[in-house]
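Written below as structure tokens is the structure these notes are about.
Naming convention: chains lettered A, B, ... in sequence-line order (proteins, then strands); numbering from 1 in each chain. Note that the structure is predicted; figures quoted are calculated from it, not measured.
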There are 2 protein chains.
Amino acid sequence: MVNYSGYTIRTMAERCGMTAHTLRYYERVGLIQPVNRAGNGHRRYTDADECWIHFLHCMRATNMPIREMQRYAALREQGDATSLERRKILEDHQAEIARQIEELQRAHALLTHKIANYRKIEQRIRIGGPILPESEMAGNEDDCTCMLAPAS
Amino acid sequence: MVNYSGYTIRTMAERCGMTAHTLRYYERVGLIQPVNRAGNGHRRYTDADECWIHFLHCMRATNMPIREMQRYAALREQGDATSLERRKILEDHQAEIARQIEELQRAHALLTHKIANYRKIEQRIRIGGPILPESEMAGNEDDCTCMLAPAS
DNA sequence: CCTTGACTTTGAGCGCGCTCAAAGTTGTAC
DNA sequence: GTACAACTTTGAGCGCGCTCAAAGTCAAGG
């Protein structure tokens with residue numbers, strides 16, 4: 001009977017929405033500090049680990065590159081003195097997130113437009129029957145894809 | 001002197017915020033139909049091409065996989081009859097975009113929180129001077145990373 | 001004792017989306 | 001005529017972020 005309570009890698013993976021493979025990988029590349037082991041050598045994760053891993057997951061899910069996460073993790077290990085630098089990383093990432101949100105929102109709007117257009121096309125087909133086979137509109141460009149927000 | 005007016009690949013790349021390499025690649029993999037050529041064999045893009053390429057760019061920028069874009073492009077070439085299927089693809093992608101926006105917004109909020117926390121840490125350092133070197137808080141877990149929204 | 005299953009390590013492999021290198025052609029400028 | 005720049009094609013290469021295969025260890029159950 002081996003002790004050291006804490007979460008197994010399997011459990012941890014489930015709790016954090018990632019695979020055990022990924023958890024080991026993150027540890028290998030220094031995103032996670034060497035994890036406590038049970039007597040048999042198996043990893044045992046703490047709540048603090050979970051906290052950190054959730055954070056990692058959140059950063060990855062928002063497209064922070066592994067390299068940047070490594071930089072952040074390394075600073076974190078050096079304690080409060082690196083606060084300013086770490087804050088800078090997070091601020092930059094937050095700005096990047098804002099940029100992504102904007103881009104997604106523009107695309108979302110464009111899609112709303114295009115989807116409405118498809119509904120119209122389907123309507124016309126239903127009315128006109130299977131007659132007019134293609135492109136009864138001006139161009140065969142099916143709609144105004146050109147409704148695109150200006151790049152900054 | 002060779003004619004066929006239209007945009008060169010270079011110009012098109014600039015206008016659409018991608019590289020010429022990528023434009024050729026998209027054509028190779030069927031995302032773009034074979035483009036008109038000038039007498040010397042160089043590609044000449046039309047405004048309609050630009051329209052479509054902008055759309056492709058927009059979909060890629062919001063993480064639609066190339067495979068899905070290929071599926072969509074293939075349907076598009078078959079004309080209005082595929083409207084319904086194409087609409088489905090766009091609706092699915094729009095839903096995926098909504099999901100991404102939510103995720104990004106959650107991360108954005110988390111970062112606001114963490115950044116504020118770093119400011120506090122920096123404040124304490126400025127006041128306490130270079131004395132207390134590390135971890136004068138409860139744990140060395142620098143803040144409540146656990147403020148994480150519930151996964152659906 | 002033997003099987004089962006959950007873990008371990010190491011290094012290799014993979015899917016994606018480009019990105020580039022090499023070698024060739026064409027058109028213009030000097 | 002020759003240099004240069006801009007394009008062409010083909011196929012290979014690359015960076016990222018996992019993902020997996022292989023071989024081994026250990027503990028519990030039958």
Atom pairs, protein N/O to nucleotides 23-25 of chain D N/O, distance under 3.5 Å:
none

- Note on the structure: Paired runs of 3 or more consecutive Watson-Crick or G-U pairs involving DNA chain D, with both pairing distances under 3.5 Å, are C:1-30 with D:1-30
- Message: If we ignore hydrogens and angles and just use 3.5 Å, is the side chain of A/Gln100 paired with the main-chain N or O of A/Thr62 as donor and acceptor?
- Response: yes
- Message: Less than 4.5 Å apart, side chain to side chain, heavy atoms only: is that true for A/Glu77 and A/Gln33?
- Response: yes
- Query: Taking CG from A/Leu31 and C1' from D/dC16, how many angstroms apart are they, rounded to a whole number?
  - Reply: 13 Å
- Contact state string [nucleotides 17-23 of chain C, B base, S sugar-phosphate only, - no protein heavy atom under 4.0 Å]: BBBB---
- Message: When you measure from the side-chain N and O atoms of B/Thr8 to the phosphate of D/dA6, is any distance below 4.0 Å, counting only OP1 and OP2?
- Response: no
- Item | Separation of D/dC7 P from B/Arg37 CZ (nearest whole Å) | 12 Å
Enumerate donor-acceptor pairs with a distance under 3.5 Å from any side-chain N or O in residues 17-31 of chain B to protein atoms, sequence neighbours excluded.
{"from": "B/Thr19", "atom 1": "OG1", "to": "B/His21", "atom 2": "N", "distance (Å)": "3.4"}
{"from": "B/Thr19", "atom 1": "OG1", "to": "B/Thr22", "atom 2": "N", "distance (Å)": "3.0"}
{"from": "B/Thr19", "atom 1": "OG1", "to": "B/Thr22", "atom 2": "OG1", "distance (Å)": "2.9"}
{"from": "B/Glu27", "atom 1": "OE1", "to": "B/Arg43", "atom 2": "NE", "distance (Å)": "2.7"}
{"from": "B/Glu27", "atom 1": "OE2", "to": "B/Val35", "atom 2": "N", "distance (Å)": "3.3"}

- Spacing of B/Arg10 atom CZ relative to D/dC7 atom P, expressed in whole Å: 5 Å
- Message: From CD of B/Glu14 over to C1' of D/dA6, roughly how many Å is that when rounded to an integer?
- Response: 13 Å
- Length of the line joining B/Asn36:CG and D/dT8:C1', which is rounded to integer Å: 16 Å
- Message: Does any part of the side chain of B/Ile97, heavy atoms only, come nearer than 4.5 Å to the side chain of B/Met64, both counted from C-beta?
- Response: no
- Smallest separation among heavy atoms of B/Ile53 and B/Met12, with atom names: CD1-CE, 3.7 Å
- Item | Separation of C/dC7 P from A/Glu27 CD (nearest whole Å) | 14 Å
- Message: I want to check something: taking the side chain as every heavy atom from C-beta on, are B/Glu68 and B/Arg71 in contact at a cut-off of under 4.5 Å?
- Response: yes
- Nearest-Å distance for atom pair OH/P, residues A/Tyr45 and C/dC7: 10 Å
- For A/Tyr118, the option from B/Glu91, B/Arg86, B/Glu85 that meets side-chain hydrogen bond (donor to acceptor under 3.5 Å, both in side chains): B/Arg86
- salt bridge (charged side-chain N to carboxylate O under 4.0 Å, His left out) against A/Glu14, all qualifying residues, sequence neighbours excluded: none
- Are B/Arg106 and A/Cys58 side-chain neighbours, meaning at least one heavy-atom pair lies under 4.5 Å? no
- Task: Using a 4.0 Å heavy-atom cut-off across all strands, classify A/Arg24 as base, sugar-phosphate, or nothing.
- Result: base
- Whole-Å distance separating the CZ atom of B/Arg43 from the C1' atom of D/dA6: 13 Å
- If we only count heavy atoms from C-beta on, is the B/Arg44 to B/Thr8 side-chain gap below 4.5 Å? yes
- Query: Sequence neighbours excluded, which residues qualify as salt bridge (charged side-chain N to carboxylate O under 4.0 Å, His left out) partners of B/Glu102?
  - Reply: none
